[in-house]
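Sequence lines set the chain letters: A, B, ... in the order given, protein chains first and strands last, and positions in each chain run from 1.
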Amino acid sequence: MHWADYTAKILQERGGSQVSASGITPSGEFHIGHLREILSAEMIHRACIDAGMESDYVFIVDSMDPLRRVYDFLSPSYEQFIGHPLAYIPAPDDNGNPGKGEVSYAEHFLNPFLQALEKIGVKPRVVMNHETYESGAFARGIDTAIMNRDEIRNLIEGISGRELGENWFPYNPIGPDGSLDGVRVTGYEKPFVSWVDSNGLEGRSDIRKAEGKLPWRIDWAARWIIHGITCEPAGKDHGSAGGSFDTGIPICKLLGGNPPDKIVYEWIQLKGMGPMSSSTGLTVGPMEALSLVPPEILRYVIARSKINRHIEFDTGPSLFHIADEYERLVASPLEEEEGMSKRQAVSLATQSGALRLSQVVRGSDPLDSFAGVSFRHLSMLAQIKSLDQDVWRSLERSGHIEGEPSPQLMERLARMRSWIDGPHFPDESKIEIRVELPIEEKKGLDSKSVNFLSDLSGRLAKCDWDEDSIVKSIKNSCESSEITNRDGFKLIYWVLIGKSSGPKASSLIYEIGRINVLGLLE
RNA sequence: GGGCCUGUAGCUUAGUCAGGUAGAGCGCCGGGCUUUUAACCCGGUGGCCGGGGGUUCGAAUCCCCUCAGGCCCGCCA
């Protein structure tokens with residue numbers, strides 16, 4: 001059974017309608033890892049619906065979280081905003097300087113991410129957490145937390161092993177400068193928390209307004225109640241012993257709620273691609289990934305892995321692998337059969353679950369997303385055929401398509417071209433035409449091979465420049481120099497691209513052009 | 001110091017929660033497709049399930065120990 005279906009089954013036992021949730025702090029550019037936070041919850045939400053339950057999916061944006069430090073992509077002038085909620089500070093412009101404030105910092109990073117989510121079929125109810133504070137919905141939780149501050153302190157200290165300072169208070173007011181830092185609480189008289197800031201300025205915050213916030217561990221527990229959340233998978237950082245999940249559950253109960261079960265997902269690692277990794281600061285954004293692969297395959301990256309396993313993501317070879325695996329499964333899914341072993345049955349259910357949950361539109365047939373050509377094959381054609389029409393003609397001849405290409409396929413070729421032209425395309429998949437042959441390699445040729453190549457050179461110099469004539473020349477050369485077709489083609493690939501196999505030789509030669517080919521055959 | 005995940009064929013892995021003779025894909029090798037695309041079709045090769053011990057009629061699966069890799073524990077998905 002797929003993990004999302006399994007979780008849905010557990011939730012069914014809990015009963016009632018379900019609310020799955022994700023939460024992300026928009027402190028900077030969103031990346032591919034955030035997709036796992038989103039999709040872990042969204043897929044469980046879909047599985048609940050598929051299992052016949054009422055279900056809602058909420059994406060809570062932690063817009064009330066403060067700016068922690070001046071990140072590399074920000075100018076030093078952001079120093080003044082440290083400690084301010086992300087919803088209340090201006091977005092950076094292209095140079096990292098604070099903008100005019102038409103768009104908040106939180107929205108600036110959130111908006112492109114939401115667009116990417118739409119493309120992969122995720123339609124969350126978006127909740128800006130600062131608006132929940134502004135609405136007063138947190139007031140009840142804040143009041144209860146303050147009234148039970150000692151118990152909450154004991155819970156956090158006991159479970160996390162963290163010692164909370166003497167001035168710790170389960171509510172952080174915003175000071176007169178707009179920052180959450182350096183404000184000390186001096187008293188509470190519902191609904192006002194009074195405080196003094198680091199300069200000795202005194203004031204008070206109304207807990208019914210966004211004039212302060214709960215510390216993370218309490219905030220999380222309180223929002224479970226506010227939104228009726230029954231399921232919120234969290235990253236492994238929240239999942240370790242004594243982490244915020246372990247404190248959140250009892251705190252939520254203390255506040256009078258029924259907390260969700262602990263579900264932890266593993267992280268996505270960025271791997272390989274030489275210099276492309278965290279060290280260069282280059283990460284892969286969801287939009288960027290979508291410019292390379294279709295949305296259902298991006299979903300499949302998450303759906304195919306068990307929730308508690310690392311995903312090693314790279315935009316190179318593994319993307320090929322996953323994309324072709326997806327195509328293969330769609331084309332020939334496992335079928336239910338008499339006398340299937342338990343294993344096969346489990347694997348069938350998991351696989352079909354993964355395919356089902358990978359669809360952009362819930363409930364649509366995976367076959368609708370099927371392009372009928374492997375990524376590997378398409379990448380090759382795209383590299384040797386500069387015109388789309390030539391790619392379609394080739395695919396028609398090879399029997400991949402009949403007549404006009406499908407819209408899915410056309411989109412796929414467009415994406416393939418941008419992948420090939422971009423920095424993420426794997427070297428091992430690149431077809432690189434040689435400029436000249438190294439002398440040592442020339443010396444290693446036996447006389448038969450030399451004969452073949454010079455014979456071929458003579459024929460190619462004269463023949464019509466179309467694929468049929470080129471193929472004929474190759475076959476004739478093989479015959480007259482008494483080598484097998486197989487060896488002949490191997491030699492050609494070796495001369496042209498330095499490998500023993502490659503894309504259809506005639507197409508390759510045709511695309512390289514007569515002059516260049518003859519130059520290499522010299 | 002506390003905790004999590006992982007270790008199964010050359011590679012990626014399923015199977016571990018509910019113990020019952022190790023499955024798959026890729027790769028590789030061979031064959032076919034009478035113009036041999038890295039396409040497509042068919043067949044084959046390949047694993048003392050990290051190591052040791054225990055429980056059991058029976059262990060990849062449960063328990064204990066151990067080795068190796070990755071990760072989390074202010075904020076971070």
If stacking means aromatic ring centre less than 5.5 angstrom from the base's six-membered ring centre, planes under 30°, is A:W267 stacked on B:rA77? yes

Determine whether A:N172 and A:L214 satisfy the following criterion, side-chain contact (heavy atoms from CB on, under 4.5 Å), listing intermediate values before the conclusion. CA-CA 6 Å; A:N172 296 333; A:L214 290 164; over 6 Å; no

Need one value for A:I431: base, sugar-phosphate or nothing, where a base atom within 4.0 Å counts as base even if backbone is also close, heavy atoms only. base

Taking any heavy-atom pair under 4.0 Å as a contact, classify A:G33: base, sugar-phosphate, or nothing. base

side-chain contact (heavy atoms from CB on, under 4.5 Å) between A:R434 and A:W494, intermediate numbers included: CA-CA 9 Å; A:R434 296 222 232 191; A:W494 172 76; 3.5 Å; yes

Per atom distances to the A:Y493 side chain, the nearest of B:rC75, B:rU12, B:rA38 is B:rA38

Side chain of A:K504 only, please: which of B:rU37, B:rC26, B:rA77 is the nearest? B:rU37

If you check the A:S240 side chain, which of B:rA77, B:rG25, B:rG2 turns out closest? B:rG2

Does a salt bridge link A:E327 with A:R412, judged by any charged N lying under 4.0 Å from a carboxylate O? yes

Taking atom C1' of B:rA38 as reference, at what distance in whole Å does atom CD1 of A:I433 sit? 14 Å

Could you tell me how far apart A:Y326 (OH) and B:rC26 (P) are, to the nearest whole angstrom? 18 Å

Does the pair A:R328/A:D324 count as a salt bridge with the N-to-O cut at 4.0 Å? no

Any donor-acceptor pair under 3.5 Å from A:S40 side chain to A:R36 backbone: yes

Just checking A:K475: base, sugar-phosphate only, or nothing, at a heavy-atom cut-off of under 4.0 Å? sugar-phosphate

Please list every stem that involves RNA chain B, where a stem is a run of 3 or more consecutive Watson-Crick or G-U wobble pairs with both pairing distances under 3.5 Å. B:1-7 with B:67-73, B:10-13 with B:23-26, B:28-32 with B:40-44, B:50-54 with B:62-66

Heavy atoms from C-beta onward define the side chain here; which of B:rC17, B:rG70, B:rC5 lies closest to that of A:K236? B:rG70

Backbone N/O of A:S429 and side chain of A:R376: donor-acceptor pair under 3.5 Å: no

For A:K306 and B:rU16, is the shortest distance between a side-chain N/O and OP1 or OP2 below 4.0 Å? no

Roughly how many Å apart are B:rA22 and B:rC41, using the P atom of each and rounding to a whole number? 30 Å

Should the pair A:R46-A:E42 be classified as a salt bridge under the 4.0 Å nitrogen-to-oxygen rule? yes

Could you point out which residue of A:V122, A:L355, A:L35 forms a side chain to side chain contact (heavy atoms under 4.5 Å, CB included) with A:R299? A:V122

With a 4.0 Å cut-off on N to O distance, would you call A:D455 and A:R459 a salt bridge? yes

Provide the distance between the two C1' atoms, one in B:rA77 and one in B:rC17, to the nearest whole Å. 25 Å

For A:P26 and A:D237, find the nucleotide of RNA chain B closest to each by heavy atoms; which residue's nucleotide sits nearer the 5' end? A:D237

Round to a whole Å and report the spacing from NZ of A:K262 to C1' of B:rC72. 11 Å

Considering only atom P, compute the distance from B:rU21 to B:rG58 and round it to an integer number of Å. 15 Å

Expressed as a whole number of angstroms, how long is the span from A:W3:CH2 to B:rC5:P? 17 Å

Rounded distance in Å between the C1' positions of B:rG69 and B:rG50: 11 Å

Determine the contact category for A:S394: base if any of its heavy atoms lies under 4.0 Å from a base atom, sugar-phosphate if only primed atoms, P, OP1 or OP2 are that close, otherwise nothing. base

Taking the nucleotide of RNA chain B with the closest heavy atom to each, which residue, A:S160 or A:S244, is nearer the 5' end? A:S160

Whole angstroms only, please: what is the NE2-P distance between A:H238 and B:rC75? 8 Å

Between A:D62 and A:K213, does any NZ, NE, NH1 or NH2 come within less than 4.0 Å of an OD or OE carboxylate oxygen? no

Any A:R309 side-chain nitrogen or oxygen under 4.0 Å from OP1 or OP2 of B:rA14: yes

Measuring to OP1 and OP2 of B:rA39, would you say a side-chain N or O of A:H377 lies under 4.0 angstrom away? no

Spacing of the C1' atoms in B:rU45 and B:rG54 (rounded, Å): 37 Å

Taking atom P in both B:rG23 and B:rU16, compute the distance separating them and give it to the nearest angstrom. 15 Å

Distance, C1' atom - from B:rU6 to B:rG53, rounded to whole angstrom: 22 Å

Atom CD of A:E157 to atom P of B:rG74: distance rounded to whole Å? 15 Å

What's the gap between B:rC63 and B:rA68 when it is taken at their P atoms, as a whole Å value? 22 Å

Counting side-chain heavy atoms from C-beta on, which of B:rA77, B:rA39, B:rU37 comes nearest to A:E37? B:rA77

Side chain of A:R68 only, please: which of B:rG74, B:rA77, B:rU6 is the nearest? B:rG74

Could you tell me how far apart A:H310 (NE2) and B:rC5 (C1') are, to the nearest whole angstrom? 5 Å

Whole-Å distance, A:I401 CD1 to B:rU37 C1', equals 15 Å

Does B:rA14 have its OP1 or OP2 closer than 4.0 Å to a side-chain nitrogen or oxygen of A:T350? no

